[in-house]
Structure formats: structure tokens, C-alpha cells
Amino acid sequence: MTDKTASFGIDGSDRTYPVMEGSVGPDVVDIRKFYGDTGLFTYDPGFTSTASCQSAITFIDGDKGILLHRGYPIDQLAEQSTFMEVAYLLLHGDLPNQAELSEFDYTISRHTMLHEQLATFYRGFRRDAHPMAIMCGVVGALSAFYHDSTDITDPQQRLIASHRLIAKMPTIAAMAHKYSVGQPFLYPDNSLSYTGNFLRMTFGVPAEPYEVNPIIENAMRRIFILHADHEQNASTSTVRLAGSSGANPFACIAAGIACLWGPAHGGANEAALNMLREIGNVKRIPEYIARAKDKNDPFRLMGFGHRVYKNYDPRAKVMQQTADEVLKELNISDPVLDVAKELEHIALHDEYFVEKKLYPNVDFYSGVILNAIGFPTEMFTALFALARTVGWVAQWNEMISDPEQKIGRPRQLYVGATARDYVPLDQR
Ligand code: SDX
């Protein structure tokens with residue numbers, strides 16, 4: 001807390017509120033007593049100017065294009081960390097030493113299998129069910145199988161539930177893919193890395209051994225790290241809000257998956273690749289740029305723009321480098337990547353995008369890489385959910401342990417009918 005304050009002149013008298021200072025980034029005005037003092041609510045649809053919590057996990061500076069996880073820059077983590085190292089960092093607050101990392105790796109690997117009855121859950125879906133519909137259903141159903149880790153007041157149960165969620169998401173996502181292509185599920189192979197295990201469960205078949213391609217394994221490691229956490233985004237806020245009612249962790253993460261599915265959020269990676277394919281070649285880019293600028297056209301450039309980044313999304317930079325490396329190493333030339341690069345170049349020199357500070361975000365290039373690796377487009381957001389689970393779980397644990405946390409319950413500006421008497425049906 002600082003001794004800084006903020007004052008509001010209301011009805012001729014000044015109301016003064018304390019200003020809270022973080023370790024970096026904007027200060028906040030503590031308005032918790034504002035309604036009690038003034039009888040007024042503040043109004044902030046979309047929470048553009050509202051801090052919902054204190055957090056020590058991720059810091060974003062949208063103007064400078066900075067993203068830190070527990071103080072470590074995203075480009076350094078993407079370059080030098082394993083995904084389990086980042087998961088440990090987000091969950092526990094610091095990079096693990098070798099003993100801590102080995103123990104964490106071992107613990108997570110021992111939770112990778114699903115309860116066998118959950119496999120029958122998949123058979124209830126149509127084969128063409130969207131993988132995100134399956135993820136919402138199966139992750140929510142985990143609370144029906146793991147009753148020994150749903151008591152959120154027990155730190156041990158919270159930790160086991162956190163490990164189970166992190167460990168089982170790759171198995172659940174891979175099974176969603178297998179089900180959609182009519183192939184048998186593969187059990188996890190814990191001799192592989194977290195990422196290698198996921199690749200084998202997704203692309204391997206029981207009929208022959210599966211060799212993890214180190215190029216693809218490294219690309220997936222980076223992609224998972226780039227998607228791990230991102231401050232109080234829509235799906236993380238959903239997980240926190242669900243958790244604030246005391247709901248069990250599996251239900252909270254299922255809520256986060258549902259929110260992430262939207263095309264304005266995690267669903268943008270699938271939408272961005274579909275858009276790039278629809279554009280098809282660089283000659284059609286001006287037509288789509290014009291549509292994106294047309295107020296009467298609902299079309300937006302998917303994978304562009306961000307609520308916080310008003311500079312280049314640092315994750316997009318690493319993603320573009322990874323796209324170049326993976327396609328080169330796999331000897332794949334994808335015209336969609338050329339369209340993406342040309343679209344970015346044109347947009348970043350167009351005054352509409354410059355004025356509105358619209359840059360490529362994490363979703364703009366990810367689809368090009370995932371497509372080159374062999375994932376169907378419908379799986380892209382499921383991969384985002386898989387990776388973001390480590391962030392959701394870390395944020396959920398932080399929320400539960402926060403002494404200031406209480407059930408989230410926003411108010412409203414009511415603009416509906418005022419009180420009126422019921423009109424019997426025969427008089428309407
Ligand atoms: C993610 O929050 C996070 O951290 C999310 C995320 C994470 O890791 O969790 O980073 C992941 O969700 C990234 C964003 C993925 N979404 C998309 O790529 C979808 C396309 N982008 C937009 O829908 C939009 O940019 C949002 C939703 C990302 C941000 O929306 P805002 O902050 O509410 O901004 P806005 O919609 O008010 O746009 C501001 C202006 C508007 O014009 P005006 O009304 O001021 O005239 O910019 C325009 C918008 O029309 N605009 C776009 C645009 N994005 C915004 N115009 C064309 N194409 C776009 N992509």
C-alpha cells in the first residue's frame with residue numbers, strides 16, 4: 001500500500017480512496033467501499049479498467065510488449081525451459097532445481113492415465129463432435145471420478161487435483177482426436193516427455209512403434225509454453241469466478257475450457273487458419289483488409305488485436321520464428337504462411353491497424369505450425385486448453401489461498417421496466 005490516494009468529487013463532496021501499488025505496472029484505486037460510501041456503482045463492461053484481484057503469477061505490459069511469468073521473460077522460457085519447468089514455476093513461484101523438477105516430472109507422469117470408465121464417455125459423442133465439446137464434457141466429468149481431490153479447503157487435495165488436471169489434459173485431448181478419426185486410444189508412455197507423450201498418444205497407433213520427432217517435440221514444447229498463462233484473460237477470469245463459489249477444481253477448469261472456445265479468445269487460432277485458407281493467396285488480401293475496416297462488416301482479422309497488447313504480442317514473435325523453423329526443418333512449404341506474412345506486413349502499414357494498435361497475437365501463426373505438424377484445425381483450441389491448464393490451475397490455487405478472496409458478484413446498471421402490476425392473460 002502507498003500513501004497515494006484518489007479523490008472523486010460526488011454531489012459537491014470529495015470521496016477519497018487509497019491507491020495500491022504493485023511491484024510493477026499500473027497502481028489501482030481501492031474502491032471496495034465506494035458503493036457503501038456513495039450509493040453508486042462503477043461501470044466497466046468488459047472490465048477494461050478493472051483489476052479483479054492481486055496476482056504474482058504473470059505480468060503483461062501491453063504498450064511495451066512484455067510478458068513475464070513470475071518475473072521471467074516469455075522468450076527466455078520458450079527458448080530454455082521445458083513445459084513442466086514452466087508449469088512448476090507458475091504453480092510454485094520459482095524455477096525448480098533438478099531434484100524439484102525430477103520429482104514434479106515423476107508426480108505428473110504418475111497421473112497421466114484416465115479412470116478406465118471415462119473412455120466410455122467418449123463413445124457417447126458423435127464422431128464429428130468438436131474436440132472442445134468433448135474437452136468441456138470429459139474435464140467436467142472428472143469431478144465424478146476423483147472425489148478424493150474435490151475438497152478445496154484441503155491443501156493436499158488441491159495439490160492432487162492440480163497434478164491430476166495438468167497430467168490428464170494431454171491424455172484427454174489426444175483421446176478426443178483419436179475418437180474423431182476412429183482410431184483406438186493409446187495409453188500414456190511415461191518414459192516420454194510430457195510433450196512427447198502427447199504426440200505419441202495423438203499420432204501413434206497400436207500397430208507400430210512411434211518415434212517422437214525431436215523437431216516437432218521442440219516446437220510443441222515452445223507452443224505449450226507460449227500458451228501457458230496470460231494474466232486475467234477471459235477464461236482465467238472464468239476459472240477464478242467459478243472457483244470463488246467453492247466449486248471443485250475440475251468444474252472450474254471445465255468452465256475455463258468453455259470460455260476459451262469462443263472465437264474472440266482461444267477459438268481464434270482455429271478461426272485464423274480458416275481465414276488464411278479462405279484468403280488463399282496474397283492477391284486477395286486487400287479485399288479482406290477492406291472488410292476488416294468496414295464498420296458494417298462483422299468480419300475481423302482473426303489472430304489480430306488484443307485487449308492488452310497495443311504493441312506486438314511477444315508470443316506472436318516467437319510463434320512466427322517457430323513457424324519458419326518447423327516448416328523449413330520438415331521441408332514443408334505452406335502457401336498459407338506466405339499469406340500470413342504478407343497480411344501482417346500490409347496490416348502493419350495500414351493506418352487503420354496502426355491507429356487502432358492492432359498487431360498479430362498469439363493465435364495468428366500458431367495454426368500454420370499445428371497444421372504443418374498434422375493436427376486437424378478443430379484440435380487447435382483443444383491444444384490451447386491443454387497448455388493453458390497449467391496457468392488456470394496456478395491462478396485457481398492463488399485465488400483460493402488469497403485471504404481477500406470472496407465470491408465474485410458484480411452489480412449492474414438496471415435499464416429494464418420499473419415495478420408494474422401483473423396483467424391477467426385475458427386482458428393482454
Ligand atoms: C487471445 O486476454 C488475453 O490475454 C487473451 C489471450 C490469452 O493468452 O489468454 O491473449 C488469447 O484470446 C488472443 C485474442 C484472440 N482473438 C482474436 O484474434 C479475434 C480477433 N480480435 C478481436 O476480436 C479483438 O481484437 C479482441 C477480442 C482480441 C480484443 O477486443 P477488444 O479489446 O474488446 O477491442 P475492440 O473489440 O473494442 O477493438 C478495438 C477496435 C474496434 O474498432 P472501433 O470500434 O474502436 O472502431 O479495433 C477494432 C474494433 O473493431 N478491431 C479489429 C480487430 N480487433 C479489434 N478490427 C479488425 N480486425 C481485428 N482483429
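For the numbers below, each heavy atom of this structure counts, side chains included, while hydrogens, waters and symmetry mates do not. Read the numbers this way: they start at 1 and go in the same order the structure lists the ligands and their atoms.
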Atoms of ligand 1 less than 4.0 Å from [X] heavy atoms?
| X | result |
| --- | --- |
| A268 | 15 (C), 16 (N), 17 (C), 18 (O) |
| L358 | 47 (O), 51 (N), 52 (C), 53 (C), 54 (N), 55 (C), 56 (N) |
| N233 | 2 (O), 3 (C), 4 (O), 5 (C), 9 (O) |

In terms of residue, atom name and distance, what is the protein heavy atom nearest to [atom]?
| atom | answer |
| --- | --- |
| atom 28 (C) of ligand 1 | G305 O, 3.7 Å |
| atom 19 (C) of ligand 1 | M302 CE, 3.6 Å |
| atom 16 (N) of ligand 1 | A264 O, 2.9 Å |
| atom 60 (N) of ligand 1 | L301 O, 2.8 Å |
| atom 22 (C) of ligand 1 | R300 NH1, 3.4 Å |
| atom 6 (C) of ligand 1 | H306 NE2, 3.7 Å |
| atom 9 (O) of ligand 1 | R388 NH1, 2.9 Å |
| atom 34 (O) of ligand 1 | R307 NE, 4.7 Å |

Under 3.5 Å, is there a donor-acceptor pair between the [X] and [Y] side chains?
| X | Y | result |
| --- | --- | --- |
| D61 | Y309 | no |
| R240 | Q405 | no |
| N233 | T236 | yes |
| R307 | T48 | no |
| Y106 | N190 | no |

What part of [X], side chain, backbone, both or neither, has a heavy atom within less than 4.0 angstrom of ligand 1?
| X | value |
| --- | --- |
| T236 | neither |
| E231 | neither |
| A272 | neither |
| H227 | neither |

Do [X] and ligand 1 have an N or O pair less than 3.5 Å apart?
| X | value |
| --- | --- |
| H230 | yes |
| V362 | no |
| K295 | yes |
| G303 | yes |

Mind checking whether K293 has a heavy atom under 4.0 Å from ligand 1?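 No, that is not the case, since the closest heavy atom of the residue is not under 4.0 Å from the ligand.
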Sorted by first residue and then second, give each salt bridge (charged side-chain N to carboxylate O under 4.0 Å, His left out) pair with at least one member in residues 216-235; sequence neighbours left out.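 For residues 216-235: E79-R222, R222-E325.
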Among F304, Y352, Y309, closest by any non-hydrogen atom to atom 20 (C) of ligand 1: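 When every heavy atom of F304, Y352, Y309 is considered, F304 comes closest to atom 20 (C) of ligand 1.
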Nearest to atom 45 (O) of ligand 1 by heavy atom, K356, M275, Q232, H265: which?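 Ranked by closest heavy atom to atom 45 (O) of ligand 1, first place is K356.
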Counting only heavy atoms not in F47 (residues, nucleotides, ligands), do more than 12 fall under 6.0 Å from its CZ?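 For F47, atom CZ is not crowded (no more than 12 foreign heavy atoms under 6.0 Å).
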Looking at Y187, I'd like to know if its OH atom is crowded, meaning that more than 12 non-hydrogen atoms belonging to other residues, nucleotides or ligands lie closer than 6.0 Å.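 Count not over threshold, so no.
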Can you confirm whether something in the protein, heavy atoms only, sits under 4.0 Å from atom 31 (P) of ligand 1?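 Flag for atom 31 (P) of ligand 1 set to true, protein heavy atom closer than 4.0 Å.
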Distance flag for atom 58 (N) of ligand 1, protein heavy atom under 4.0 Å: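 So far as the 4.0 Å threshold goes, atom 58 (N) of ligand 1 is in reach of a protein heavy atom.
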